Amino acid sequence: MRLKAAATGTLISAGVIAISAATGVWALSGGLYGCTRADEELAPTLASSSILDTHPSQTQMEHERYSGCDEDDGFAYAGQHYRLTVSRASVLTFYRKAAAEDGWRLKGATPSPSPAPGSLAIDTSALCFEKPVEGTTAHLAVWFPSDLGDSSDDYGLEITASHDGTAWC
C-alpha cells in the first residue's frame, strides 16, 4: 500500500513539474511575453506598405526602412524617416490626404504632442491613423523627433499592429 501511494505521489509530482515546464516555455515563447509567430510574420507586410514610400516631393528618404517585432509589448512595426525640408504643417496636410487616399482613417491629431517636462511620453504622434491589415488593426503614426527634444530636421512614419497583443500610435 505504501509503495502504491509513493508511486502515485511521484507520478503526480512529475506531472506538475512537466505542466509547469511546458507553461514556462509557452510563456517565454510569446504566450505571455514577446512576439508571437503571427506578429513576427506581420512585420514584413507592414514594411511593404505603400504609405511608407509616400512623401512630399521636396522631402528625402533618410536611413533604411526598419521593421521587426517589439518583444516587450508584443507588436509588429515598420517605419521610415524623411528629411524635413518643408514646414511641419505641410507634412501634416500632405499625410492627412495621402493616408486617406491609401485607405487609412484618421483616429487622432495632436499638432504638438510634446510631453510636459519630467513626464513620460505616452503618445508622440502628431497624426494617428487606423486601417485593417491582415485581419487586425494597423496604426500609422506621423511623428517628429523634435517633439522629444531630438533632431529637428526629420520626421518619421511608423506602422504598428498585432494579432495577439496591443498596438497603438
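Values in this document were obtained by computation on a predicted structure and should not be read as measured data. In this chain, numbering begins with 1 at the start of the sequence shown.
Closest approach of Asp72 to Asp70, counting heavy atoms only: N-OD1, 2.9 Å. Nearest heavy atom pair, residue Leu52 against residue Ala78, reads CD1-CB, 4.1 Å. Of all heavy-atom pairs spanning Ala138 and Leu46, the tightest one is CB-CD2, 4.4 Å. Across all their heavy atoms, Ala109 and Leu127 have their closest contact at CB-CD2, 3.7 Å. A pairwise comparison of heavy atoms in Ser146 and Arg88 identifies OG-NH1, 4.1 Å as the closest pair. Smallest separation of non-hydrogen atoms from Ala43 and Ser67: O-CB, 4.1 Å.
With sequence neighbours excluded, the residues forming a side chain to side chain contact (heavy atoms under 4.5 Å, CB included) with Ala141 are Ser125, Cys169, listed by chain and number. In terms of the ring-ring contact (aromatic ring centres under 6.0 Å, His included) criterion, His139 has no residue partners (sequence neighbours excluded).
Within the structure, salt bridge (Lys or Arg N to Asp or Glu O under 4.0 Å) pairs that include any residue of residues 129-144 comprise Asp102-Lys131, Arg105-Glu130, Lys107-Glu130 (at least two apart or interchain). The salt bridge (Lys or Arg N to Asp or Glu O under 4.0 Å) pairs that include a residue from residues 40-56 are Asp53-Arg65, where partners are two or more places apart or lie in different chains. Among residues at least two apart or in separate chains, salt bridge (Lys or Arg N to Asp or Glu O under 4.0 Å) pairs with a member in residues 153-168 are Arg83-Asp153.
For the pair Trp104/Ile159, a side-chain contact is recorded, criterion being any heavy-atom separation below 4.5 Å from C-beta on. Considering only heavy atoms from C-beta on, Thr166 stays 4.5 Å or farther from Phe75 through its side chain.
The distance from the CD atom of Gln80 to the OH atom of Tyr66 is 8.0 Å, given to the nearest 0.5 Å. Rounding to the nearest 0.5 angstrom, the gap separating the OG atom in Ser87 from the CD atom in Gln58 is 9.5 Å. From Leu42, atom CG reaches atom OG of Ser162 across 8.0 Å, with rounding to the nearest 0.5 Å. Summarising the geometry, atom CG belonging to Leu84 is positioned 8.0 Å from atom OG belonging to Ser152; distances are rounded to the nearest 0.5 Å.
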Under the side chain to side chain contact (heavy atoms under 4.5 Å, CB included) criterion, do Tyr82 and His55 qualify, and how do the steps go? CA-CA 8 Å; Tyr82 289 92; His55 59 93; 3.3 Å; yes
Trace of the side chain to side chain contact (heavy atoms under 4.5 Å, CB included) decision for Phe129 with Val142: CA-CA 9 Å; Phe129 299 90; Val142 179; 4.3 Å; yes
Assess the residue pair Asp73 and Trp168 against the criterion (side chain to side chain contact (heavy atoms under 4.5 Å, CB included)); give the C-alpha distance rounded to whole Å, side-chain angles, the decisive distance to 0.1 Å, and a yes or no. CA-CA 11 Å; Asp73 295 314; Trp168 59 88; 3.9 Å; yes
Donor-acceptor list for residues 91-101 side chains, cut-off 3.5 Å, not counting sequence neighbours:
from, atom 1, to, atom 2, distance (Å)
Thr93, OG1, Ala89, O, 3.0
Tyr95, OH, Thr54, O, 2.6
Tyr95, OH, Tyr155, OH, 3.0

